[in-house]
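Only one structure is covered here, and it is reproduced in the block below.
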2 protein chains.
Amino acid sequence: MPRKSELNQELRDARKEQILKAALIVFARRGMVATKISDIAKEAGLSHGLVYHYFNSKEEIFSLLVKKAANSSIEIIQQANAFKGTPLEKLRWMTEQILNSFVDSEHTLLFLIMIQASTSDAIPAEVKELLTGDQSLSPVMCTLPIIAAGQEKGEIISANPVTLAVTYYAFIQGLAINKIQWPECPIPDANLLLKIFINEKGSSYHHE
Amino acid sequence: MPRKSELNQELRDARKEQILKAALIVFARRGMVATKISDIAKEAGLSHGLVYHYFNSKEEIFSLLVKKAANSSIEIIQQANAFKGTPLEKLRWMTEQILNSFVDSEHTLLFLIMIQASTSDAIPAEVKELLTGDQSLSPVMCTLPIIAAGQEKGEIISANPVTLAVTYYAFIQGLAINKIQWPECPIPDANLLLKIFINEKGSSYHHE
DNA sequence: GTCTATAAAGGGATAGAC
DNA sequence: GTCTATCCCTTTATAGAC
């Protein structure tokens with residue numbers, strides 16, 4: 001008996017994943033409100049009633065995806081912090097990870113979900129709070145220490161760190177958006193983005 | 001009789017403008033599909049029936065705003081082309097205009113409308129065609145000649161011009177999006193963005 | 001010109017058959 | 001577990017009163 005229920009649980013989880021994957025695609029391209037449950041069902045190849053068998057509401061599905069997106073973005077910054085090297089090398093590593101993730105679409109779509117959740121007033125407050133709940137976990141805030149360390153070391157120009165971080169993430173968000181409009185668009189090299197951090201003359205910038 | 005009808009026409013136009021202005025605000029913040037006609041009416045301070053007296057549908061209103069946004073973005077690039085100076089100076093002037101426009105909200109909101117129209121599958125094809133209709137009028141395409149001229153002059157690094165243009169507009173779009181999430185966010189100086197175009201050593205970059 | 005009342009349609013969510 | 005039929009509310013759009 002326990003064996004069988006475990007197996008069922010696995011099947012159940014697989015179905016949930018299947019629906020979440022389909023939902024990610026249509027949410028990212030149409031927006032939360034414009035997405036109908038039947039769009040998700042069609043993308044997943046099953047009936048709309050079955051979606052309700054696995055989830056309580058459209059909002060719950062969207063909410064799960066926002067959580068997933070927020071977690072993976074925090075995770076990458078923490079990995080960058082743990083990366084061995086100078087602050088600028090940490091930033092380069094992180095930038096490369098993010099730009100590479102744009103090649104495969106799942107990460108790009110998760111990025112777009114986060115952008116939607118944080119920019120649209122049509123998103124329920126409970127969902128928005130998943131992102132704004134802990135200000136100290138925002139990408140900008142998490143990146144400030146790295147930037148400050150780089151400035152102390154003289155690797156990074158001495159502009160306002162918040163402005164630098166905002167500009168950096170504007171880049172990243174803008175590229176994610178671009179990617180959905182134009183899937184084959186050229187993705188720049190990490191070093192091109194990092195130029196905003198570097199003094200023009202006699203910098204410690206180098207190619208690997 | 002002609003006097004009176006002219007006056008009426010002016011009042012009519014003023015009302016239309018009032019509704020369009022209200023629509024811009026709610027469309028930008030909620031997205032086209034999530035915006036109800038009653039949201040627009042409430043923002044404009046009138047009844048929802050009156051909105052239908054001046055416009056045929058929600059789509060028509062959104063469509064007019066997309067046209068307006070597309071025109072003003074083309075216009076600024078043409079002005080940059082006409083600007084007296086080197087290619088890099090043209091780009092600096094254009095960047096300053098765009099960043100300054102982010103201070104006042106109307107331009108930022110128009111930017112967001114364009115981003116929505118080009119990224120969301122929920123936007124009717126007829127509206128999307130207002131932006132993709134003439135590929136040669138896209139911001140990226142219009143900016144390529146300036147970048148190429150700058151490369152020939154040695155002012156701009158010799159990377160793929162399309163990649164440079166894509167990266168530049170990713171920046172701009174990302175900043176517009178940031179502005180709506182965080183209205184008081186610091187807007188970088190034009191020179192910070194332009195660093196992506198410039199060789200690190202011995203560049204012609206200068207402060208004014 | 002402006003409003004309120006109402007028709008018509010669409011989509012979220014549920015019930016119940018298989 | 002999965003699907004179809006249905007309920008019910010929201011929203012678009014129109015009609016008609018003032």
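All values below come from the heavy atoms of this structure, side chains included, with hydrogens, waters and symmetry mates left out. Quick note on labels: first sequence line is chain A, next is B, and so on, each numbered from 1.
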Distance in Å, Leu193(A) CG paired with Ile172(A) CD1, rounded so as to fall on 0.5 Å steps: 5.5 Å
Distance, nearest 0.5 Å, that separates CE of Met114(B) from OG of Ser72(B): 7.5 Å
Closest heavy-atom pair and its distance - Val166(B), Pro186(A): CG1-O, 3.9 Å
Minimum heavy-atom distance between Ala44(A) and Ile19(A), given as atom pair plus value: CB-CA, 4.5 Å
Spacing of Ile40(A) atom CD1 relative to dG12(C) atom C1', expressed in whole Å: 11 Å
First and last nucleotide of DNA chain D, 5' to 3', lying under 4.0 Å from heavy atoms of chain B: dT11(D) to dT14(D)
Sugar-phosphate, base or nothing in reach of Tyr54(B), heavy atoms under 4.0 Å: sugar-phosphate
Between dA13(C) (P) and Lys58(A) (NZ): distance, integer Å: 8 Å
Those residues that, when tested against Phe102(A), pass ring pair (Phe, Tyr, Trp, His ring centres under 6.0 Å) (two or more places apart): Phe111(A)
Phosphate-side-chain proximity, Tyr52(A) and dT14(C), N/O vs OP1/OP2 below 4.0 Å: no
Salt bridge flag under 4.0 Å for residues Lys68(A) and Glu106(A): yes
Side-chain heavy-atom pair Ile147(A), Tyr168(A) within 4.5 angstrom cut-off: no
Residue whose nearest DNA chain C nucleotide is more 5′ - His48(B) or Ser57(A): His48(B)
Donor-acceptor side-chain pairing of Arg12(A) and Gln9(A) below 3.5 angstrom: no
Touch class at under 4.0 angstrom, heavy-atom based, for Leu11(B) against every strand present: nothing
Positions of residues 12-38 of chain B (non-hydrogen atom under 4.0 Å from DNA chain D), listed by number: Thr35(B), Lys36(B), Ile37(B)
